[in-house]
2 protein chains.
Amino acid sequence: MRQKKKSDLLTEVELEFMNELWALGEGTVRDVLDQLPEGRNLAYTSAATILRILEQKEFVTSRKDGKRHVFVPMLAKDAYQTRSLKDLSMKLFDDTPASLVARLVDDADLSEEALGQIRALVDRRLKNDTG
Amino acid sequence: MRQKKKSDLLTEVELEFMNELWALGEGTVRDVLDQLPEGRNLAYTSAATILRILEQKEFVTSRKDGKRHVFVPMLAKDAYQTRSLKDLSMKLFDDTPASLVARLVDDADLSEEALGQIRALVDRRLKNDTG
DNA sequence: TTTGAGAAACGAAAGCTTTAGTATTAACCT
DNA sequence: AGGTTAATACTAAAGCTTTCGTTTCTCAAA
């Protein structure tokens, strides 16, 4: 039996780190640490630990560059976005993507512009499928 | 200073319980436990603990009914759905709902029917706003 | 009113997440 | 080669999540 994986999802801090790595493409512990927002104040060794864990969980690989490790995502952000949406849809939207979108477009905060963009996206996808 | 709340989001098991409560409207420990899927095999006291925690975190209230506690959601599912979507959008979609939908409709698994429903929803919302 | 069954309250253990300290190693400069 | 600097490896503590056992309580029936 393989490793016991509860959900294939990143924890909060893991996601924070993956976001930086996705933005950078790849990077060392130092690179990621420097990328974190002002006032995050995380010890270097903590950052190193997180990246080590991400490697254990196979979300990133590393290669050696001199004495440093350069970490590279093994999973594209796109793929993880899809995975997260599936998970959320499953757990909270009865596995029905339309109801997820329903909630999203019901949100009063949503701008007219965002709505227009969303419709354009859906239209384009429908055309590509049928056309 | 108020309680230190990291994210206002439910944990995995808490969400599992809230889903049952939302489905039931309200219920006792026993009610929720019986609602859980076959083979979940959770001890009665575990279920009671989860509900106690949900009450501490103010996701549910309880009233007494004889010797039993009846638990009632304090937060509607709708509201929690919105909250979750905001959180996901923020953390993984650059706070841009349109990009979330973009990823959703890119998903190859998405049925034509679901796409149609989604477009209908968006159209309806646009009409209600402008008209 | 005693007692038995089921419920609540409490406490705590096991595992995971997040953070960081200490020890060790590796590269580079002189 | 030796020393300095910066990185990695290892270990562990603190806090949170999930689970359940034990004790206490409460209602209702005999």
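Below, chain A is the first sequence line, B the second, and so on; all start at residue 1. Computed from a predicted structure; not experimentally measured.
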* **Parallel, tilted or perpendicular: rings of B:Y80 and B:W22 (30°, 60°)** => tilted
* Length of the CG-C1' vector between B:L10 and D:dT18, whole Å -> 15 Å
* Identify, between B:V70 and A:E16, the residue whose nearest nucleotide on DNA chain C lies closer to the 5' end. => B:V70
* Between A:L21 and A:G27, which heavy-atom pair has the shortest distance, and what is it? -> CD2-N, 3.6 Å
* Side-chain-base donor-acceptor pair under 3.5 Å for A:R30 and D:dT5 -> no
* Asked: B:I53 has an atom CD1; how far is it from atom P of C:dA12, in whole Å?
  -> 16 Å
* Asked: Would you say A:K57 reaches C:dT17's phosphate, i.e. side-chain N/O to OP1/OP2 under 4.0 Å?
  -> yes
* Given atom CZ of B:F59 and atom P of D:dT17, what is their separation to the nearest angstrom? -> 10 Å
* For B:A43, report the nucleic acid contact type (base, sugar-phosphate, nothing); a contact means any heavy atom under 4.0 Å. => sugar-phosphate
* Asked: Would you find a donor on one side and an acceptor on the other, under 3.5 Å apart, between the side chain of B:Q81 and the backbone of A:L92?
  -> yes
* Whole Å only: how far is the CG atom of B:L15 from the C1' atom of D:dT18? -> 15 Å
* To do: Please state whether the base of C:dA20 and the side chain of A:T49 form at least one donor-acceptor pair under 3.5 Å?
  => yes
* Structure fact -> When rounded to whole Å, the CD to C1' distance for the pair A:E14 and C:dT17 reads 8 Å
* Asked: When you check the phosphate oxygens OP1 and OP2 of C:dA20, does a side-chain N or O of A:S46 lie under 4.0 Å from one of them?
  -> yes
* Looking only at atom types and distance, does a side-chain atom of B:N19 sit under 3.5 Å from a main-chain N or O of A:K91, one as donor and one as acceptor? -> yes
* To do: Please report the C-alpha distance between B:L88 and A:L85 in whole Å, then the side-chain angles of each, then the deciding distance to 0.1 Å, and finally whether the side-chain contact (heavy atoms from CB on, under 4.5 Å) criterion is met.
  => CA-CA 8 Å; B:L88 187 66; A:L85 280 172; 3.7 Å; yes
* Asked: In whole angstroms, how far is the P atom of C:dC16 from the CD1 atom of A:I50?
  -> 15 Å
* To do: Calculate the interatomic distance between B:D65 atom CG and C:dG6 atom P; express it in whole Å.
  => 17 Å
* Under 3.5 Å, is there an N or O donor on one side and an acceptor on the other linking the side chain of B:K67 and the base of C:dA8? -> no
* Distance below 4.0 Å between B:T45 side-chain N/O and C:dA8 OP1 or OP2 -> no
* To do: Check whether any side-chain nitrogen or oxygen of B:T11 sits under 4.0 Å from OP1 or OP2 of D:dC16, and answer yes or no.
  => no
* To do: Respond yes when some side-chain nitrogen or oxygen of A:R68 is under 4.0 Å from OP1 or OP2 of D:dA6, and no when none is.
  => no
* Asked: Are any of B:Y44's side-chain N or O atoms less than 4.0 Å away from OP1 or OP2 of C:dA8?
  -> yes
* Phosphate-side-chain proximity, B:R40 and D:dT19, N/O vs OP1/OP2 below 4.0 Å -> yes
* To do: Between A:K64 and A:A47, name the one whose nearest nucleotide on DNA chain C is closer to the 5' end.
  => A:A47
* Asked: Just by modelled atom types, is the A:T28 backbone N or O under 3.5 Å from a matching donor or acceptor in the A:D31 side chain?
  -> yes
* Asked: Could you give the CG-to-C1' distance, from A:N41 to C:dA20, as a whole number of Å?
  -> 13 Å
